[in-house]
Amino acid sequence: QVQLVESGGGLVQPGGSLRLSCAASGTNFRFYNMAWYRQAPGKQRELVATVAASGSADTADSVKGRFTISRDNAKNTVNLQMNSLKPEDTAVYYCNARLNAFNIWGQGTQVTVSS
């Protein structure tokens with residue numbers, strides 16, 4: 001079982017960059033499949049990026065070419081590098097961990113993209 005804490009959110013101008021981090025505590029982090037989701041007010045929670053235990057990574061079409069997900073099993077962290085940010089990227093970003101029946105969420109971190 002793991003616990004997740006996101007950090008790195010904030011206010012950034014359009015075209016800018018942010019790097020989000022998700023720190024995991026607990027055991028067997030390397031076996032979890034990890035993901036970033038986001039949710040804007042009044043909107044459904046949206047899958048942004050995934051990185052499997054194998055290291056295989058993917059991003060949603062809406063952020064492809066701009067966002068990169070990565071994990072560091074030695075540090076028990078998963079990161080989301082966000083470049084070329086747009087106002088429509090504004091949302092609360094959540095870290096997610098899945099392993100078999102376990103489905104664990106962090107508390108979220110706010111990202112606001114505005115001039």
Side-chain angles (χ1 to χ4, degrees):
Q1 299 213 33
V2 300
Q3 297 80 49
L4 307 175
V5 178
E6 301 97 330
S7 63
L11 176 64
V12 65
Q13 294 184 358
S17 297
L18 284 174
R19 185 174 179 86
L20 305 184
S21 294
C22 175
S25 61
T27 60
N28 295 321
F29 171 79
R30 67 190 182 278
F31 298 128
Y32 282 75
N33 298 306
M34 304 297 298
W36 286 96
Y37 288 75
R38 66 186 182 186
Q39 188 167 26
K43 301 292 186 180
Q44 186 176 358
R45 189 168 294 188
E46 173 190 17
L47 178 64
V48 176
T50 61
V51 58
S54 66
S56 179
D58 199 11
T59 54
D61 288 344
S62 60
V63 304
K64 199 173 295 291
R66 300 187 297 120
F67 292 9
T68 303
I69 189 171
S70 61
R71 69 190 297 159
D72 187 340
N73 289 337
K75 298 180 180 179
N76 281 12
T77 58
V78 60
N79 301 309
L80 186 68
Q81 179 65 47
M82 309 164 64
N83 299 326
S84 302
L85 283 161
K86 305 175 181 179
E88 51 262 45
D89 296 319
T90 296
V92 177
Y93 284 70
Y94 296 92
C95 185
N96 172 255
R98 287 188 169 93
L99 177 61
N100 300 323
F102 290 98
N103 187 12
I104 303 166
W105 295 89
Q107 83 289 347
T109 185
Q110 176 71 48
V111 172
T112 302
V113 185
S114 180
S115 299

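- Note on Tyr37: it does not cluster hydrophobically with Met34, by side-chain heavy-atom contacts below 4.5 Å among ILVMFWY residues.
- Heavy-atom contacts from other residues, nucleotides or ligands closer than 6.0 Å to NZ of Lys75 number 12 or fewer.
- Ser25 and Gln3 form a side-chain donor-acceptor contact under 3.5 Å, judged by distance and modelled atom types alone.
- Leu11 contributes atom CG, which lies 8.5 Å from atom OG1 of Thr90 (distance to the nearest 0.5 angstrom).
- The hydrophobic cluster containing Val92 does not contain Val63, counting ILVMFWY residues as joined when their side-chain heavy atoms lie under 4.5 angstrom apart, directly or transitively.
- From Ile69, atom CD1 reaches atom SG of Cys95 across 8.0 Å, with rounding to the nearest 0.5 Å.
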Gln81 vs Asn79, test: side chain to side chain donor-acceptor pair (under 3.5 Å). Steps then yes/no.
CA-CA 6 Å; Gln81 179 65 47; Asn79 301 309; over 6 Å; no
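- Note: the hydrophobic cluster containing Trp36 also contains Val113 (ILVMFWY, side chain heavy atoms under 4.5 Å, direct or indirect links).
- Judged by distance alone, the side chain of Arg30 and the main-chain N or O of Asn73 form no donor-acceptor pair under 3.5 Å.
- By the 6.0 Å and 45° rule, Arg71 stacks over the aromatic ring of Phe29.
- Contact of the Cys22 side chain with the Leu4 side chain is registered, since non-hydrogen atoms from C-beta on lie closer than 4.5 Å.
- The two atoms that bring Ala91 and Ala40 nearest to each other are CB-N, 3.9 Å, heavy atoms only.
- Ser84 places no side-chain N or O within 3.5 Å of a backbone atom of Arg66 that could act as its donor or acceptor partner.
- Atom CG of residue Asn83 and atom CZ of residue Arg19 lie 10.0 Å apart, to the nearest 0.5 angstrom.
- The two residues Val2 and Ala24 come nearest to each other via the heavy atoms CB-CB, 4.5 Å.
- Between Tyr94 and Trp105, the ring planes are perpendicular. Angles over 60° get that label, and only those under 30° would be called parallel.
- Looking at Phe67 and Leu85, their side chains come closer than 4.5 Å, going by heavy atoms from C-beta outward.
- Rounded to the nearest 0.5 Å, atoms CG (Asp58) and OG1 (Thr50) are 5.0 Å apart.
- From Leu47, atom CG reaches atom OG1 of Thr59 across 9.5 Å, with rounding to the nearest 0.5 Å.
- Considering Arg38, Glu6, Gln39, Gln110 in turn, Arg38 is the only one that fulfils the side-chain contact (heavy atoms from CB on, under 4.5 Å) rule with Tyr93.
- With a 6.0 Å radius and a threshold of 12 heavy atoms from other residues, nucleotides or ligands, Glu88 has its CD atom above the threshold.
- Considering CG of Leu80 and OG1 of Thr109, their distance stands at 11.0 Å, rounded to 0.5 Å.
- Asn33 contributes no side-chain N or O that, together with a main-chain N or O of Leu99, makes up a donor-acceptor pair within less than 3.5 Å.
- Val78 and Phe102 end up in the same hydrophobic cluster when Ile, Leu, Val, Met, Phe, Trp and Tyr side chains are linked at under 4.5 Å.
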